[in-house]
> 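Just dropping this structure here.
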Amino acid sequence: MKLYDSLTGEKRDFAPQGDEVKMYVCGVTPYSSAHVGHAMSYVYFDTLRRYLEFLGYTVKHVQNFTDIDDKIITAADKQKTSPVMLVEELVEEYLMDMANLNIQPAHVYPRVTDEITKIVEMIEGLIEKGFAYESEGDVYYRVTKFQGYGKLSHRTLDGMMAGARVEPNLQKDHAMDFTLWKASKLGEPSWDSPWGKGRPGWHIECSAMALHYLGPHLDIHGGGQDLVFPHHENEIAQTEAFTGEAPFADHWVHNGLLQIDEGKMSKSFGKLVTVRDALAKFSSDTMRLFFLNSHYHSPLAYADESIEGQQRAAERLLTALELDASDNAGSEAVDPEPFRQRFITAMDDDLNTPQALAALFDLTREINRGNDEKKQIGSAQDTLRELTGVLGLRLYPQEEESTQSASPFVELLAEIRQELRDAKQWELADRIRDRLQALGVSLEDGAGGTKWRNRSS
RNA sequence: GGCGACGUAGCCAAGUGGUUAAGGCGAGAGUCUGCAAAACUCUUAUUCGGCGGUUCGAUUCCGCCCGUCGCCUCCA
């Protein structure tokens with residue numbers, strides 16, 4: 001497959017170095033609930049992983065929690081709790097949110113606070129090599145020492161200085177030098193180090209954890225486009241300087257950002273919709289279809305109206321999967337192979353999920369048409385089930401607890417209505433159907449009798 | 001100011017230097033149905049922000065302009 005690489009700026013063939021694909025995806029800093037921007041990013045990376053697994057690769061997926069940070073300390077203070085408690089609560093919530101989106105869990109979820117030893121070792125190594133220096137208890141990375149600083153984000157140090165709001169800092173040799181180790185103030189969580197009590201800077205943890213769990217040469221390193229600079233740029237500088245090996249990652253994969261109200265959805269602006277809010281309105285299938293209908297590399301605007309359309313699309317897929325064609329008499333069968341090929345071709349081309357979906361919707365039409373024509377559709381349905389699964393769609397009938405427990409009563413009403421229909425009591429029969437519809441239950445009269453399904457959301 | 005992305009039908013959104021510009025939602029007509037729903041069939045962009053250029057030919061390549069957005073500071 002071909003995959004776009006932000007470092008080289010081109011679509012390149014993807015081929016892992018070894019037997020397993022080493023994939024590191026930058027995780028969250030748990031100081032508030034996950035929002036739909038996170039959902040989008042992780043749905044894309046989940047889809048990438050599922051597709052690689054579909055191709056037969058074994059993927060080792062590592063995703064960190066940056067569980068110590070200024071914002072966590074501030075948020076914990078505000079909520080009169082401790083950073084540890086706050087993080088525990090939010091990590092648990094995050095994992096639940098991701099599971100609800102049908103995102104496969106990473107194999108390892110390292111946390112900064114468990115990796116301090118590794119981080120300190122790495123900083124010491126960087127100091128020894130002259131890439132870092134201590135200054136009043138802080139340790140900074142010397143950007144001028146690393147040739148190629150800016151190669152990922154395609155900018156130069158001069159370009160970054162021009163017009164940038166860089167605060168002068170006499171502790172640093174160069175304004176763009178960034179923090180590896182930060183001396184702690186009184187009362188803040190801290191760890192012992194050769195430079196005194198403190199905590200890691202923002203970027204070093206990902207370098208240390210990726211190195212620890214996946215080694216010096218990743219196949220895929222991913223995250224949102226907002227991480228390109230400075231986060232990933234700095235990771236490259238730290239890791240390549242430390243290991244002396246390049247490239248740190250073979251493919252740098254960055255997803256476009258989710259927009260809301262004509263601006264990026266971002267925690268710091270308070271303009272956000274949490275994953276919970278979204279999933280209260282829409283199913284995970286609907287949300288995933290909304291994301292996957294757009295290419296991962298493009299920005300996408302969050303809008304309820306846009307998502308609502310995907311709800312119908314999800315139902316369309318489900319309806320085709322639920323067709324019972326067991327008594328179709330025809331000997332001809334719908335051949336899913338051309339659609340499978342289109343799906344693979346699309347996904348091979350830098351994970352072109354919109355085109356892959358187009359192939360699946362065409363297959364859906366072919367299944368429906370085949371059913372009308374009394375063809376065999378079982379194998380086509382199997383393929384549709386398999387490939388929608390690669391996209392992480394669940395496509396199971398909506399069965400809320402309330403309707404599950406109500407099902408005997410719905411069936412009773414359907415039965416009575418059938419008797420009314422047999423007696424041509426249309427008005428009463430329609431009234432039952434309309435009232436059930438208003439309650440979220442659709443009755444559909446087909447050749448083989450009446451089916452009912454929950455259509456409430 | 002620097003760097004970058006994007007602008008395709010009512011909405012969302014793929015895509016290509018040249019036979020019919022995917023797919024989804026929506027809308028309209030028809031088939032089916034007691035009526036519906038679902039499904040199917042047909043219709044819904046002679047045209048891809050604007051203006052130039054390259055070319056036999058551009059929506060696709062180049063330049064300029066207009067518009068939207070991102071990064072340059074924490075952020076998936």
Side-chain angles (χ1 to χ4, degrees), chain A residues 9 25-29 31 34-45 63 66 69-71 150 153-156 158-167 176 202 222-231 233 254-259 262-269 272 289-290 292-295 297-301 303 305-317 319-320 322-323 342 346 349 352-362 364-365 367-373 421 424-427 429-430 433-434 437 442-447 450-453 455:
Chain A
V25 180
C26 281
V28 294
T29 300
Y31 70 95
H35 58 68
V36 285
H38 298 119
M40 176 170 93
S41 181
Y42 297 128
V43 161
Y44 288 143
F45 284 102
Q63 185 169 329
T66 298
D69 170 275
D70 287 351
K71 290 191 292 298
S153 51
H154 303 111
R155 44 187 104 182
T156 60
D158 288 347
M160 285 181 237
M161 295 305 292
R165 283 168 288 168
V166 181
E167 289 175 27
M176 295 307 293
W202 175 36
Q225 257 162 12
D226 51 354
L227 295 182
V228 172
F229 189 89
H231 187 58
E233 191 70 60
H254 293 105
N255 62 273
L257 302 178
L258 191 67
Q259 317 288 317
E262 294 176 3
K264 189 183 66 167
M265 184 167 305
S266 159
K267 286 188 186 179
S268 39
F269 296 132
L272 54 80
L289 280 172
F290 170 64
L292 297 172
N293 184 45
S294 159
H295 189 88
H297 210 252
S298 308
L300 182 63
E305 310 82 72
S306 305
I307 304 170
E308 277 157 14
Q310 298 306 323
Q311 195 168 298
R312 289 303 322 269
E315 283 170 13
R316 180 172 166 75
L317 295 170
T319 303
E322 285 185 318
L323 288 175
R342 276 175 60 195
D349 183 15
N352 192 330
T353 52
Q355 276 204 330
L357 277 171
L360 297 187
F361 281 108
D362 284 344
T364 298
R365 173 173 293 108
I367 289 171
N368 287 326
R369 193 185 332 201
N371 186 50
D372 286 353
E373 294 167 358
R421 292 181 69 218
K424 302 205 188 304
Q425 301 270 338
W426 309 126
E427 210 171 302
D430 289 353
R433 185 174 60 196
D434 292 347
Q437 180 71 46
S442 292
L443 294 185
E444 298 176 4
D445 303 324
T450 299
K451 284 183 183 167
W452 69 273
R453 57 171 36 143
R455 291 285 198 202

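Note on naming: letters A, B, ... go to the chains in the order of the sequence lines (proteins, then strands), and numbering restarts at 1 for each one.
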> Identify, with sequence neighbours excluded, every residue that meets side-chain hydrogen bond (donor to acceptor under 3.5 Å, both in side chains) alongside A:D362.
A:R342
> Measure the distance from NE2 on A:H254 to P on B:C69 and round it to the nearest whole Å.
23 Å
> A:T319 side chain: which of B:A38, B:A22, B:A76 is closest?
B:A38
> Would you say A:S294 reaches B:A14's phosphate, i.e. side-chain N/O to OP1/OP2 under 4.0 Å?
yes
> What's the CZ-C1' distance between A:R342 and B:A22, to the nearest Å?
7 Å
> Could you check whether the rings of A:Y42 and A:H38 sit parallel, tilted or perpendicular, using 30° and 60° as the cut-offs?
parallel
> Distance between the C1' atoms of B:U68 and B:G26, in whole angstroms?
25 Å
> Does A:D69 reach a base, just sugar-phosphate, or nothing at all? Heavy atoms under 4.0 Å.
nothing
> Which whole number of Å gives the distance between the P atom of B:C32 and that of B:A37?
15 Å
> Return the polar atom pairs (N/O with N/O) between nucleotides 8-10 of chain B and the protein under 3.5 Å, or none.
none

> Restricting to side-chain hydrogen bond (donor to acceptor under 3.5 Å, both in side chains), what partner residues turn up for A:E322, sequence neighbours left out?
A:R453
> Which whole number of Å gives the distance between the C1' atom of B:A58 and that of B:U8?
14 Å
> Would you say A:D349's side chain and A:N352's backbone share a donor-acceptor pair under 3.5 angstrom?
no
> Please determine, for the side chain of A:S298, which listed nucleotide (B:C12, B:A14, B:A38) has the closest atom?
B:A14
> Round to the nearest Å and state the distance from A:H297 atom NE2 to B:A13 atom C1'.
17 Å
> Round to the nearest Å and state the distance from A:M160 atom CE to B:G4 atom P.
13 Å
> B:A5 C1' sits how many Å from A:D226 CG, rounded?
14 Å
> Using a cut-off of 4.0 Å on non-hydrogen atoms, how would the nucleic acid contact of A:H231 be classed: base, sugar-phosphate, or nothing?
nothing
> Could you pull out all residues at least two apart from A:D430 that satisfy salt bridge (charged side-chain N to carboxylate O under 4.0 Å, His left out)?
A:R433
> Heavy atoms under 4.0 Å is the rule here; annotate nucleotides 24-36 of chain B 5' to 3' with B where the base is hit, S where only the sugar-phosphate is, and - elsewhere.
SSS-------BBB
> Which whole number of Å gives the distance between the C1' atom of B:C69 and that of B:G10?
23 Å
> With rounding to the closest Å, how many angstrom separate the C1' atoms on B:C64 and B:A22?
32 Å
> Take atom C1' in B:C61 and the same atom in B:U43, then report the distance between them in whole Å.
35 Å
> Choose from B:U41, B:G70, B:A13 the nucleotide whose nearest atom is closest to any side-chain atom of A:R369.
B:U41
> Under 4.0 Å, heavy atoms only, any strand: does A:G222 hit a base, just the sugar-phosphate, or nothing?
nothing
> Within the 4.0 Å heavy-atom criterion, would you say A:F290 contacts the bases, only the backbone, or no part of the nucleic acid?
nothing
> Using whole Å, report how far CD of A:Q355 lies from C1' of B:G23.
9 Å
> Between A:N368 and A:N352, which has a closest nucleotide on RNA chain B that is more 5'?
A:N352
> When the C1' atoms of B:U47 and B:G15 are considered, how many whole Å apart are they?
14 Å
> With A:T66, which residues qualify under side-chain hydrogen bond (donor to acceptor under 3.5 Å, both in side chains), at least two apart?
A:N64, A:E205
> Excluding sequence neighbours, so at least two apart, what forms salt bridge (charged side-chain N to carboxylate O under 4.0 Å, His left out) with A:K71?
A:D69
> Atom CD of A:Q259 and atom P of B:A5: how far apart are they, to the nearest Å?
16 Å
> Could you list the residues that satisfy salt bridge (charged side-chain N to carboxylate O under 4.0 Å, His left out) with A:E308, not counting sequence neighbours?
none
> Do A:Y44 and A:S294 have side-chain heavy atoms sitting under 4.5 Å apart?
yes
> For A:D70, enumerate each residue passing the salt bridge (charged side-chain N to carboxylate O under 4.0 Å, His left out) test, keeping only those at least two apart in sequence or located in another chain.
A:K182, A:R199
> Atom CG of A:L357 to atom C1' of B:C12: distance rounded to whole Å?
12 Å
> Taking ring pair (Phe, Tyr, Trp, His ring centres under 6.0 Å) as the definition, give me every residue that meets it alongside A:H231, ordered by chain and number, with sequence neighbours left out.
A:W202, A:H203
> Toward the 5' end of RNA chain B, which comes first, A:G223 or A:F229, by nearest nucleotide?
A:F229
> So if I take every side-chain heavy atom of A:S306 and compare against B:C12, B:A76, B:A13, which nucleotide ends up nearest?
B:C12
> Report the residues that fulfil side-chain hydrogen bond (donor to acceptor under 3.5 Å, both in side chains) with A:N371, sequence neighbours left out, ordered by chain and then residue number.
A:N328
> With rounding to whole Å, what would you report as the distance between B:A5 and B:U46 at their C1' atoms?
30 Å
> Which dot-bracket string describes RNA chain B (Watson-Crick N1-N3 plus N6-O4 or O6-N4, or G-U N1-O2 and O6-N3, all under 3.5 Å; [ ] crossing; | other strand)?
(((((((..(((.....[....)))((((((.......))))))....(((((..]....))))))))))))....
